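Keep in mind it's a predicted model, so treat the numbers as computed, not measured.
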Amino acid sequence: MKYHLVSGGCGFVGRNMVKRLYNTTEDTIIFIDNLSVGTHPSTWLDAPWRKKEGVMEVYGEDERLIFLHQDFRHFLRNVIDVPNFVRDNYAPDFERFSDVFHFAAIVGGRATIEGDPMKVALDLSIDAEFFYWVTRQKPDRVLYPSSSAAYPIDLQTEGDAIALAETDINFKKMGEPDMTYGWSKLTGEYLAKIAAEHYDLSVTCIRPFSGYGEDQDLTYPIPAIAARIARREDPVEVWGTGRQGRDFVHIDDVIDCILYAMDRVKDGSAINIGRGELLSFIEIIETLCDIEGYNPQIKQLLDKPVGVFSRYSNMDYVNNELGWTASISVREGMGRVLAAQKKAQGIG
Ligand SMILES: NC(=O)c1ccc[n+]([C@@H]2O[C@H](COP(=O)([O-])OP(=O)(O)OC[C@H]3O[C@@H](n4cnc5c(N)ncnc54)[C@H](O)[C@@H]3O)[C@@H](O)[C@H]2O)c1
């Protein structure tokens, strides 16, 4: 029996990873979340509840899903002897974790990144304690999610935007990342490299661009815009001018790419996860409206935070060297989000 650990397992990426691991392996998945943002597993897990003991809840007929409702740092500080803890509590044959996915973080979309940067800076504390812990526990493999926000912002301006390639981050010649969020991700990448090189760990870093999906919360732009279009609002509001652009990649592709990359990238280096396609928010609205079949006015909300002008990936390395390409088109993915929003609102 293999045991995997997913921190932030009730957040957007975490819950998609928990479900994927549960549905595609026979392994046991231990996931931790303080539910500060994440949603309780009973709302998204398609597996029966079995038992609850203290902070631990067990799900699934075969009891392969173990949720710990607590701060990840509490776990890292207090459960330094993980084998004993896990063995004593629920898994007598436990020796060590196989794959450790670290998604616990304060993210929160543009409003949090710009509105409360010091709260986001707490990611530095979570990540530092995480990397200290993995170098003691030595799991088989570690996944660290960095972000496209780690890229220098001067490569993402209106006049000078380029498709961002992995080599545009160079620790010997640094640019300025996107606020405390970008700095913490960049620091996390540095710690990942140190963990791989100095502690002989298999570490994979990813830089997802704008991940989106059906079950993302409404503080993120794609579900928020889709919700407005599901209600056929006219005009449809967009933050800023709507000319700012991102590289949207569906969560199923993100999960696929993570699992693919973990078999191939082990030295702590980071790879992009995107489609390599820059789309403005106005183009996204047009796509969603086209699917929905109506043609509203667009109302710009110029007082809202918008971040950098253009952020999109150069996928040459991942597509051509690693051999992975995203498979869900923007139109298909947006259609799925729109359908989910209509269902949530009881429309259609
Ligand atoms: N979603 C994307 O497109 C995207 C893009 C780039 C990078 N990432 C990275 O992937 C990771 C996950 O992102 P997400 O979109 O799922 O965010 P999210 O906010 O949906 O999930 C983070 C989860 O961590 C939990 N959490 C926060 N602090 C915690 C703590 N101290 N202890 C335990 N749990 C805690 C939250 O409750 C939440 O469930 C983050 O590191 C993020 O930077 C995501």
Side-chain angles (χ1 to χ4, degrees), residues 8-17 19 33 35-39 43-44 103-117 119-120 123 145-150 156 178-182 185 206-231 233 236-240 242 244-255 273-275 277-285 287-288 291 298 301 304-313 326 328 330-345:
C10 298
F12 175 55
V13 185
R15 56 182 179 258
N16 279 283
M17 182 58 80
K19 285 189 278 190
D33 204 298
L35 300 185
S36 54
V37 168
T39 43
T43 63
W44 51 268
F103 299 119
I106 294 156
V107 193
R110 210 65 234 167
T112 309
I113 289 170
E114 291 192 19
D116 197 353
K119 181 177 172 191
V120 177
D123 287 340
S146 175
S147 167
S148 53
Q156 305 169 54
D178 191 354
M179 304 211 47
T180 54
Y181 181 60
K185 292 291 153 189
I206 50 158
R207 293 178 192 145
F209 279 68
S210 294
Y212 71 95
E214 293 87 306
D215 61 340
Q216 195 171 30
D217 73 61
L218 292 170
T219 58
Y220 288 86
I222 298 301
I225 292 171
R228 288 170 213 149
I229 290 167
R231 290 190 293 271
E233 289 182 6
V236 172
E237 292 180 345
V238 66
W239 286 19
Q244 71 277 15
R246 295 292 183 269
D247 182 352
F248 296 99
V249 56
H250 191 272
I251 186 66
D252 288 352
D253 277 332
V254 174
I255 300 291
I273 305 183
R275 295 182 47 79
E277 199 178 332
L278 179 66
L279 284 173
S280 71
F281 284 93
I282 288 179
E283 288 171 308
I284 291 297
I285 290 174
T287 302
L288 283 161
I291 298 170
I298 294 175
L301 300 182
K304 297 287 189 189
V306 293
V308 294
F309 188 75
S310 294
R311 176 173 289 161
Y312 68 114
S313 65
I328 300 173
V330 168
R331 193 176 174 87
E332 181 190 340
M334 295 296 154
R336 289 196 205 175
V337 178
L338 183 61
Q341 284 303 325
K342 288 175 91 164
K343 191 171 171 209
Q345 297 181 40

Is a side-chain N or O of [X] found less than 3.5 angstrom from the main chain of [Y], in a donor-acceptor match?
X    : Y    : value
D123 : A105 : no
Q156 : G307 : no
T180 : V120 : no

With side chains defined as the heavy atoms from C-beta onward, is the minimum distance between [X] and [Y] less than 4.5 Å?
X    : Y    : result
F209 : R246 : no
F12  : D217 : no
I251 : V13  : yes
R110 : V306 : no

Looking at residues at least two apart in the chain, or sitting in another chain, which of them share a ring-ring contact (aromatic ring centres under 6.0 Å, His included) with [X]?
X    : result
Y312 : none
F281 : F248
Y212 : H250

Locate the shortest heavy-atom distance separating [X] from [Y]; write the atom from each residue and the value.
X    : Y    : value
E214 : V337 : N-CG2, 4.0 Å
L288 : I225 : CD1-CG2, 3.8 Å
G109 : Y220 : N-OH, 3.5 Å
A150 : K185 : CB-CB, 4.4 Å
L278 : G245 : CD1-C, 3.4 Å
S313 : G274 : OG-CA, 3.8 Å

For [X], side chain to side chain contact (heavy atoms under 4.5 Å, CB included) partners two or more places apart:
X    : answer
A230 : L338, Q341, K342, Q345, I347
I298 : V238, I282, I285
T39  : R15, T43, W44

The criterion is side-chain hydrogen bond (donor to acceptor under 3.5 Å, both in side chains); which residues satisfy it with [X], sequence neighbours excluded?
X    : result
D116 : none
S280 : E283
R336 : D252, E332
K19  : none

To the nearest 0.5 Å, how far apart are [atom1] in [X] and [atom2] in [Y]?
X    : Y    : atom1 : atom2 : result
I106 : K119 : CD1   : NZ    : 6.0 Å
R228 : L218 : CZ    : CG    : 9.0 Å
D247 : S210 : CG    : OG    : 7.0 Å

Query - Pairing residues for R207 by the salt bridge (Lys or Arg N to Asp or Glu O under 4.0 Å) criterion, not counting sequence neighbours - result: E189
Query raised in the report: By salt bridge (Lys or Arg N to Asp or Glu O under 4.0 Å), which residues pair with R275, not counting sequence neighbours?
Result: E277
